[in-house]
Amino acid sequence: METFEAGNITLNRVDEYIWELPQTGEMRVPGRVFASEALLEEISQDKTLQQLQNSAELPGITKYAICMPDGHQGYGFPVGGVGAMDAENGCISPGAIGYDINCGVRLVKTNLRYDELRGREEELVNALFANIPSGLGGGGIVETDEATLEEILSRGVEWAVDNGWGIADDLARCEDEGSRPEADPGMVSDRAKGRGKNQVGSLGSGNHFLEVQRVTDVYDDTIASSYGLTEEQIVVLIHCGSRGLGHQVCTDYLRKIEERHTDLLNRLPDKELAAAPAGSELAAEYYQAMGAAINYAWTNRQLIMHRTRQVFEEVFERPWQELEMELLYDVAHNIGKKETHEVDGKDREFYVHRKGATRAFPAGRPEVPETYRNVGQPVIIPGSMGSGSYVLCGGERSMSLTFGSTAHGAGRLMSRTQAKREFWGGDVQDSLRDQQQIYVKAQSGATVAEEAPGVYKDVDEVVRVSNELGIGDRVARTFPVCNIKG
DNA sequence: ATGTGC
């Protein structure tokens, strides 16, 4: 059997793109890495594989602890990690969902073609930058009072649509219709609410951005046509999360769980994997608080999308409906969710943890909106500023291999600190504009350096592996035109 | 990711 050696961990190759980390010691299941040899080589450079092995000790984890082709190390649990924990006997672990609860992406279509925009990039990028709040700290599209924030946390995109930030059709084009019904704002601390009240409708910083893109390649004509995508079409990709509110919810519950469930904590190989046993009070409360942060993030992306429609109206002097600015889909990249999956011929309920992973349900699953149910859900995978992004379609094999999941992005190749040593923001912007006609506008030059194309893995290779595995099938590729960020 | 920390 072919093996891959990485320090004290040895992986066995079980298929061309599947590597198994054998079950040893206190592991409850084996680990599995879905990657090419080249990507595995990158994955093995940091603590990802050790974290994957540790994650396999979480109570109730079923089948495998899973690492996606874009995996890298995170807080306790790898980014690019998936774990399905039994909803009755297992656990829920905030670190396996992530600090940025419901960080995710949505893609908005237009009927504009690239040649209609060419020469006006500067004007568009300036208008977007002026109208869409970004960067660290406060300032959003709306400033909320207490009652409004409660409603956002309870209802998500439904609140936005009821208040003029979009149309009913937007709801059907979000994962879970843009609303988590179990959300309970009462489980969110005043501190978290305080951080969130003036950040509704803001991009934030780091790898979050809004990007105008053009469709450069269509790989599957049939699916692209049912998604409404064609070559040279202009689309907008929005990537952001739950800002300070979600971050605070994660911090609050990690602390509570560490304090109350010390017995479990002491049995785990890493304190960062702190988990609340299924059925415990804190498991229920965290699920409700996380749900509120999930609704906050969906509202955030909805407001930014609708403001983008208004900016396009001004710049192109046509109503957004006439520009056919329809939402393709909104997908979560960091989320925990109760889902039913078939294991050994039996339907069981799990807390599915996806951290830097995208749900990728194929045709037929009832959770896929009716418009896409006969082809499979759209999956949106952003690349870096200087490379393409992808639209995929939920793959048939995702249900048996990865609890209905695939990758979420290119994955970092170096730390933010190292990136700032290697690049200078202004130089990165100049070369993107002069060499690739990509117009980037940012609050901070440091952020541009941290997000320079060179700090990311090859998104093409990540998506190729997903496609080959049949967990997420390649539909179309886009390329950046304008990008605004923190 | 993040009022870039406990």
Side-chain angles (χ1 to χ4, degrees), chain A residues 46-48 51 70-81 93-105 133-140 143-144 188-200 202-210 238-256 258-259 271-272 274 289-290 292-294 296-298 300-301 304 331-336 353-358 382 384-385 408-421 425 442-451 455-456 485-486:
Chain A
D46 58 22
K47 292 181 188 145
T48 312
Q51 291 186 332
D70 54 338
H72 58 95
Q73 85 179 60
Y75 181 87
F77 192 88
V79 176
S93 172
I97 288 160
Y99 269 91
D100 192 1
I101 296 167
N102 193 10
C103 175
V105 292
S134 63
L136 275 174
E143 167 107 31
T144 61
V188 177
S189 69
D190 288 343
R191 193 173 186 185
K193 286 174 185 161
R195 288 179 72 173
K197 67 171 193 276
N198 64 349
Q199 297 186 327
V200 188
S202 67
L203 282 173
S205 184
N207 65 353
H208 290 159
F209 61 81
L210 180 151
I238 296 162
H239 178 203
C240 60
S242 49
R243 303 293 329 274
L245 184 137
H247 194 275
Q248 192 63 47
V249 166
C250 183
T251 305
D252 290 340
Y253 280 88
L254 274 171
R255 195 151 306 156
K256 285 189 197 192
E258 285 162 7
E259 279 171 16
K271 180 172 172 285
E272 296 183 352
M290 172 185 59
I294 286 168
Y296 185 94
W298 271 324
N300 193 20
R301 290 197 286 277
I304 291 170
V331 295
H333 284 166
N334 282 7
I335 205 162
H353 299 66
R354 292 190 186 93
K355 179 188 183 181
T358 318
S384 72
M385 285 186 286
H408 85 304
R412 290 194 83 81
L413 210 50
M414 64 178 83
S415 72
R416 297 182 177 280
T417 330
Q418 196 187 338
K420 278 181 282 196
R421 281 197 295 264
Q443 299 283 353
S444 140
T447 307
V448 178
E450 288 173 4
E451 298 300 319
V455 315
Y456 280 97
K485 55 201 296 87

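Naming convention: chains lettered A, B, ... in sequence-line order (proteins, then strands); numbering from 1 in each chain.
Atoms CZ (A:Arg191) and P (B:dT2) sit 16 Å apart, rounded to a whole Å. One can place OH of A:Tyr75 at 14 Å from C1' of B:dT2, the figure rounded to the nearest angstrom. Rounded to an integer number of Å, the gap from A:Ile101 CD1 to B:dT2 P is 12 Å. Across the protein-nucleic acid pair, A:Gln199 atom CD and B:dT2 atom C1' stand 9 Å apart, rounded to whole Å.
Taking A:Arg243 as the reference, A:Ser202 meet the side-chain hydrogen bond (donor to acceptor under 3.5 Å, both in side chains) condition, with sequence neighbours excluded. Partners of A:Ser205 under the side-chain hydrogen bond (donor to acceptor under 3.5 Å, both in side chains) rule, at least two apart in sequence or in another chain, do not exist in this structure. Contacts of A:Gln248 classified as side-chain hydrogen bond (donor to acceptor under 3.5 Å, both in side chains), with partners at least two apart in sequence or in another chain: A:Arg195, A:Asp252. With sequence neighbours excluded, no residue satisfies side-chain hydrogen bond (donor to acceptor under 3.5 Å, both in side chains) with A:Asn334.
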Acceptor/donor pairs from residues 98-105 of chain A side chains to any protein atom, 3.5 angstrom cut, sequence neighbours excluded:
| unit_1 | atom_1 | unit_2 | atom_2 | d |
| --- | --- | --- | --- | --- |
| A:Asp100 | OD1 | A:Ser242 | N | 2.9 |
| A:Asp100 | OD1 | A:Ser242 | OG | 3.4 |
| A:Asp100 | OD2 | A:His208 | NE2 | 3.3 |
| A:Asn102 | OD1 | A:Arg301 | NH2 | 2.9 |
| A:Asn102 | ND2 | A:Ile294 | O | 2.9 |

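Put simply, the side chain of A:Thr358 never gets that close to the backbone of A:His333: no donor and acceptor are under 3.5 Å apart.
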For nucleotides 4-6 of chain B, which of its nitrogen or oxygen atoms have a protein nitrogen or oxygen under 3.5 Å away, and what is each distance?
none

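For the pair A:Arg243 and B:dT2, the criterion of a side-chain N or O lying under 4.0 Å from OP1 or OP2 is met.
Residue A:Gly241 is out of contact with every strand shown, counting any heavy-atom pair closer than 4.0 Å. Residue A:Glu451 is in sugar-phosphate contact alone, with no base atom involved, counting any heavy-atom pair closer than 4.0 Å across all strands shown.
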